[in-house]
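So the structure is just underneath, and the comments pick up after that.
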Amino acid sequence: MTLHYPPTEASAATGFGGNAIDRMSERRDDAAFIANLRADPSGRALLFMDDRLIMADAPLFDRGDAEARGADWEGATFLGLTADGPLFAAAVPPDEMMPARGLRGLAMDDALSHELLGIAAQARSLLGWHATHRFCANCGQPTTLGQAGYRRECGACGTHHFPRTDPVVIMLAVDGERCLLGRQRRFAPGVYSCLAGFMEPGETIETAVRREIWEESGIRTGRVAYHASQPWPFPSNLMIGCFTEALSQEIEPRDRELEDVRWFDRSDIGPMLDGTHPVNGAPPPVAIAHHLLTAYARHGAPVVEVPAVVAEPVTG
């Protein structure tokens, strides 16, 4: 009862991208079906204390163990069906005696299987949404759980609220045998990454790519090629990874959001990724930026076929 990805799908290789659970979204309104799943003795749950995953002998808990740790099994969010049975997510009260870890650290340490890490990202995003949407944004009254955890319902005004995912473009601007990278002040010394930013209302992916690069570097870009996407559960983003061709070369940042932006030769990228570069580094494999840079280091810039008429690049 799992989905299957094509063997060459780039998104499935990213951190948190291995979630192949059968979400059974068409059955979430079937109360009897969900009740039977909750009563299934093979049911297991991922438990979160705030934004950290409870890690005892194993990260999955049966109903008795979950309830013993303070989980509300009847109010747990249904994540989907696995080959081993139904899987849920539930929050538990703070207890420093319970071992818990953040998903970033678990991803860096390969402490979970690739598929379970993706499912944990789904769980964290949903539980975080529940924690911050306990009241109706329309009338201010309390909301209740609906659709097995994929909806919150207001009994006062009847409004239904659904989980949100915020799209973020992350892109590598390429000028032949060099690419554009930047660094934030919080990065480890010497580490550079792809430029990124939230999409805004009314934007296409391509427009957001061009705008963000223009604002953060002053570089004009033209054609855009999609590469891969990545769920990023901090708290609930979708990273949309792209390549774009640079149409100018002089760096003149407009928003000063980044500490530094510079061009790097393609020959530098491999050593930056594997940690052998004498000065600079790159994001770890959990980040989609690592996968964009790896694709560029191995294959160069993608060839983008576009119609004869192309939208003008952002010019300010």
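Quick caveat: nothing in here was measured; it's all calculated off a predicted structure.
- When only modelled atom types and interatomic distance are considered, Thr14 and Ser11 share no side-chain donor-acceptor pair under 3.5 Å.
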List the atom pairs, donor and acceptor, that lie under 3.5 Å between side-chain atoms in residues 270-278 and the rest of the protein, sequence neighbours left out.
residue : atom : partner : partner atom : Å
Asp274  : OD1  : Thr276  : N            : 3.0
Asp274  : OD1  : Thr276  : OG1          : 2.6
His277  : ND1  : Val279  : N            : 3.0
His277  : ND1  : Asn280  : N            : 2.9

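- Ring orientation note: the planes of Phe88 and Trp73 are tilted relative to one another, at an angle of 30° to 60°.
- The number of heavy-atom neighbours closer than 6.0 Å to CG of Asp109, taken from other residues, nucleotides and ligands shown, is above 12.
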Walk me through it: do Arg101 and Asp51 pass the test salt bridge (Lys or Arg N to Asp or Glu O under 4.0 Å)?
CA-CA 8 Å; Arg101 295 190 60 192; Asp51 59 356; over 6 Å; no
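- Glu215 places no side-chain N or O within donor-acceptor distance of the main-chain N or O of Glu212, the cut-off being under 3.5 Å.
- Not one N or O on the side chain of Arg23 forms a donor-acceptor pair closer than 3.5 Å with the backbone of Gly80.
- One finds the CG atom of Leu293 at 6.0 Å from the SG atom of Cys179 (value rounded to the nearest 0.5 Å).
- Checking each of His114, Gln122, Glu115 against Asn19 for a side chain to side chain donor-acceptor pair (under 3.5 Å) leaves exactly one that passes, namely Gln122.
- Relative to the ring axis of Tyr150, Arg28 places its NZ or CZ within 45° and under 6.0 Å from the centre.
- Of the possible donor and acceptor atoms, none in the side chain of Arg151 sits under 3.5 Å from a partner among the backbone N and O of Ala148.
- Checked by atom type and distance alone, the side chain of Arg38 pairs as donor or acceptor with a backbone atom of Ala76 at under 3.5 Å.
- Using a cutoff of 4.0 Å between basic side-chain nitrogens and carboxylate oxygens, Glu252 and Arg254 are not scored as salt-bridged.
- Both Ile251 and Leu195 sit in one connected hydrophobic cluster of ILVMFWY residues. Membership requires side-chain heavy atoms under 4.5 Å apart, directly or through other members.
- In this structure, CG in Leu126 is found 10.0 Å from CZ in Phe48, a value given to the nearest 0.5 Å.
- Annotation for Met171 and Cys194: closest pair O-CB, 3.3 Å, computed over non-hydrogen atoms.
- Panel note: side chain Tyr192, backbone Leu180; no donor-acceptor pair is recorded below 3.5 Å.
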What donor-acceptor contacts under 3.5 angstrom involve side-chain atoms of residues 235-247, with partners at least two apart or in another chain?
residue : atom : partner : partner atom : Å
Ser236  : OG   : Arg164  : O            : 3.2
Thr244  : OG1  : Arg223  : O            : 2.9
Glu245  : OE1  : Arg223  : NE           : 3.4
Glu245  : OE1  : Arg223  : NH2          : 3.1
Glu245  : OE2  : Arg223  : N            : 3.2
Glu245  : OE2  : Arg223  : NE           : 2.9

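- The side-chain tip of Arg104 points at the ring of Phe234 from less than 6.0 angstrom away and within 45° of straight on.
- For the residue pair Ser267 and Asp265, no side-chain donor N or O sits within less than 3.5 Å of a side-chain acceptor on the partner.
- Phe264 and Val174 fall within a single hydrophobic cluster, where Ile, Leu, Val, Met, Phe, Trp and Tyr side chains are chained together by heavy-atom contacts under 4.5 Å.
- With sequence neighbours excluded, the residues forming a salt bridge (charged side-chain N to carboxylate O under 4.0 Å, His left out) with Arg63 are Glu67, Glu74, listed by chain and number.
- With hydrogens and angles left out, the side-chain atoms of Arg152 and His130 include a donor and acceptor closer than 3.5 Å.
- Open room surrounds CD on Glu250; 12 or fewer heavy atoms of other groups in view lie less than 6.0 Å from it.
- Using a 4.0 Å cut-off between charged side-chain N and carboxylate O, Asp268 and Arg266 make no salt bridge.
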